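Ligands are counted one by one from 1 in listed order, and the atoms in each one are counted from 1 as well. Keep in mind that what you see is a predicted model, and the values were worked out from it rather than measured.
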Amino acid sequence: MSSDRPRQLLLALESSCDETAAAVVDRQRKVLSSVVATQHELHERFGGVVPEIASRAHVERILPVIDEAIRRAGAKLADIDAIAVATNPGLVGSLLVGLTAAKTLAMVLDVPLLAVNHIEAHLYACQIAAGRNVFPAVGLVVSGGHTNLYDCRSPVEFELLGSTTDDAAGEAFDKVAQVLGLDYPGGPLIEKIAAKGDPKAIAFPRTFLKDERLDFSFSGLKTAVLYAARGTPGSRTPPVPLTEQRIADLAASFQAAVIDVLVGKCEQALLKANRSTLLVGGGVAANSVFRNRLTEMADRSGVELIIAPREYCTDNAAMGAIGWELLDRGVYSPLDVDVTPGLVRKQR
Ligand code: KG4
Ligand code: ZN
């Protein structure tokens with residue numbers, strides 16, 4: 001692009017769960033601004049996201065967040081060349097707020113509207129971090145709502161290899177945090193407390209680890225932590241008192257069990273899909289112990305590992321830069337495009 005040609009700018013919006021986010025990304029995938037308004041304080045006392053509260057908060061925040069993203073990018077609304085928005089998967093009311101804002105802007109500015117899959121965008125965060133093409137690869141998205149393994153053939157071709165059969169890994173972190181008397185979201189707090197505990201203190205189950213299927217299950221692990229903390233129903237043995245050290249040991253042993261399974265399944269998926277690059281994104285990928293274990297595995301097996309940078313692990317709109325990939329391929333969305341709360345497993 002010659003220097004006298006105006007920059008081409010994409011405005012990306014994200015409102016699939018409890019983060020209201022907007023970002024401006026140029027055609028070279030350079031993130032010019034990324035604004036995230038979290039709602040954690042609104043959901044904390046419920047121990048999880050309350051959908052109705054989330055959508056109301058998105059309505060209040062979306063316009064100031066968009067304004068701030070455009071301002072920080074040093075741009076004007078009229079400079080925007082395309083609008084990307086997460087339309088799937090997520091909470092229906094939350095997704096609708098982002099989509100309505102995106103449609104309105106696309107119509108008023110007369111620019112293309114690009115409907116983005118939120119989970120695929122989590123993996124695209126790795127491409128932004130690398131600053132070059134990272135496909136084909138195996139991709140793991142491990143968040144509060146999803147634990148999905150993909151064969152990523154290109155930035156627009158994702159084949160689901162396996163997923164959780166019950167809870168997502170992040171959800172397990174949040175529920176276990178509740179059991180241990182910690183706040184929401186539980187992941188970062190479990191990580192902090194686990195640092196003082198013994199990961200081998202309690203041998204929690206590693207469901208499906210030895211199984212060939214690339215699926216996950218965390219609900220048995222969650223129940224095992226509950227019983228270890230509060231006692232097994234019907235048992236005469238009283239539970240070990242929940243001292244600070246016991247809480248740290250439970251947190252560390254739980255975290256170790258989740259990480260063993262996640263890392264083991266990535267290794268299996270790389271072999272099965274015959275890929276030598278691994279992309280990891282989603283909120284749980286912010287966990288340092290997990291990042292270190294992935295790095296060890298990648299070094300041992302000669303795999304190129306790209307983990308999304310921490311600020312792009314949890315929900316954000318910069319990863320909506322995947323919209324450029326759709327635009328490059330002429331995959332626009334009509335203005336009557338709808339949201340889809342469940343994961344769409346389409347083959348493009
Ligand atoms: O990707 P994300 O922001 O939202 C969804 O799309 O779900 O992920 C949020 C999840 C929460 O369950 C949170 O507890 C978890 O990511 N999480 C972590 C850490 N930071 C966030 N889990 C483990 N360790 C962390 N450091
Ligand atoms: Zn997410």
Side-chain angles (χ1 to χ4, degrees), residues 12-21 23 34 36-40 43-44 46-49 51 54 58 85-91 94-95 98 116-126 139-148 163-164 167-180 182-195 197 199 216 218 221-222 225 251-252 254-263 279-294 307-320 322 341-343:
L13 307 183
E14 154 62 43
S15 67
S16 65
C17 190
D18 61 343
E19 252 66 67
T20 318
S34 174
V36 181
T38 67
Q39 304 176 4
H40 292 165
H43 303 285
E44 201 171 43
F46 302 102
V49 178
H58 284 308
V85 60
T87 56
N88 152 259
L91 300 170
S94 293
L95 287 167
V116 162
N117 176 307
H118 172 79
I119 306 295
E120 295 171 2
H122 267 301
L123 290 174
Y124 198 74
C126 300
L140 172 72
V141 179
V142 63
S143 69
H146 298 273
T147 308
N148 291 359
S163 60
T164 182
D167 294 347
E171 194 182 344
F173 267 94
D174 296 335
K175 300 249 174 79
V176 163
Q178 240 181 335
V179 167
L180 300 181
L182 307 171
D183 285 338
Y184 172 85
L189 299 170
I190 297 235
E191 177 179 354
K192 196 164 165 219
I193 286 185
F216 303 86
F218 297 107
L221 170 60
K222 203 177 65 187
V225 178
F254 159 77
Q255 182 174 266
V258 175
I259 292 174
D260 275 356
V261 175
L262 294 176
V263 175
L279 313 178
V280 185
V284 179
N287 185 292
S288 303
V289 184
F290 181 39
R291 295 172 88 92
N292 292 341
R293 283 287 308 284
L294 283 167
I307 315 177
R310 275 197 178 78
E311 76 261 40
Y312 300 150
C313 279
T314 43
D315 288 346
N316 66 91
M319 63 192 191
I322 196 171
L343 182 66

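Ligand 1 has an N or O atom lying under 3.5 Å from an N or O atom of G187, backbone or side chain. Close N/O approach between G170 and ligand 1 is found [any backbone or side-chain N/O within under 3.5 Å]. Residue G282 has no N or O atom closer than 3.5 Å to an N or O atom of ligand 1. In terms of polar-atom proximity, defined here as any N/O pair under 3.5 Å, N287 does make such a contact with ligand 1.
Protein N/O/S atoms found under 2.8 Å from the Zn ion (ligand 2): H118 NE2, H122 NE2, D315 OD1.
F216 has its side chain out of reach of V142: every pair of non-hydrogen atoms, C-beta onward, lies at least 4.5 Å apart. With a 4.5 Å cut-off on side-chain heavy atoms, V176 and L221 do not count as touching.
Taking all atoms of both residues into account, the shortest heavy-atom contact from A125 to P309 is O-CD, 4.0 Å. The minimum heavy-atom distance linking G98 with S15 is given by the pair N-OG, 3.1 Å.
Residues passing the ring-ring contact (aromatic ring centres under 6.0 Å, His included) test with H118 are H122, sequence neighbours excluded.
Residue contact annotation: H122 has a non-hydrogen atom under 4.0 Å from ligand 1.
Between A172, C17, G283, S288, it is G283 that holds the heavy atom closest to atom 1 (O) of ligand 1.
Nearest to atom 12 (O) of ligand 1 among the protein's heavy atoms is D174 OD2, 2.8 Å. The protein non-hydrogen atom at the shortest distance from atom 4 (O) of ligand 1 is D315 OD2, 3.2 Å. Of the protein's heavy atoms, G144 N, 3.4 Å lies nearest to atom 10 (C) of ligand 1. Remark: minimum distance from atom 26 (N) of ligand 1 to any protein heavy atom is reached at E191 OE1, 2.8 Å.
With a 4.0 Å cut-off on non-hydrogen atoms, H118 touches ligand 1 through its side chain and not its backbone. Here A177 has no heavy atoms under 4.0 Å from ligand 1, in either its backbone or its side chain.
Within ligand 1, counting atoms from 1 as listed, the ones closer than 4.0 Å to a heavy atom of C313 are 1 (O).
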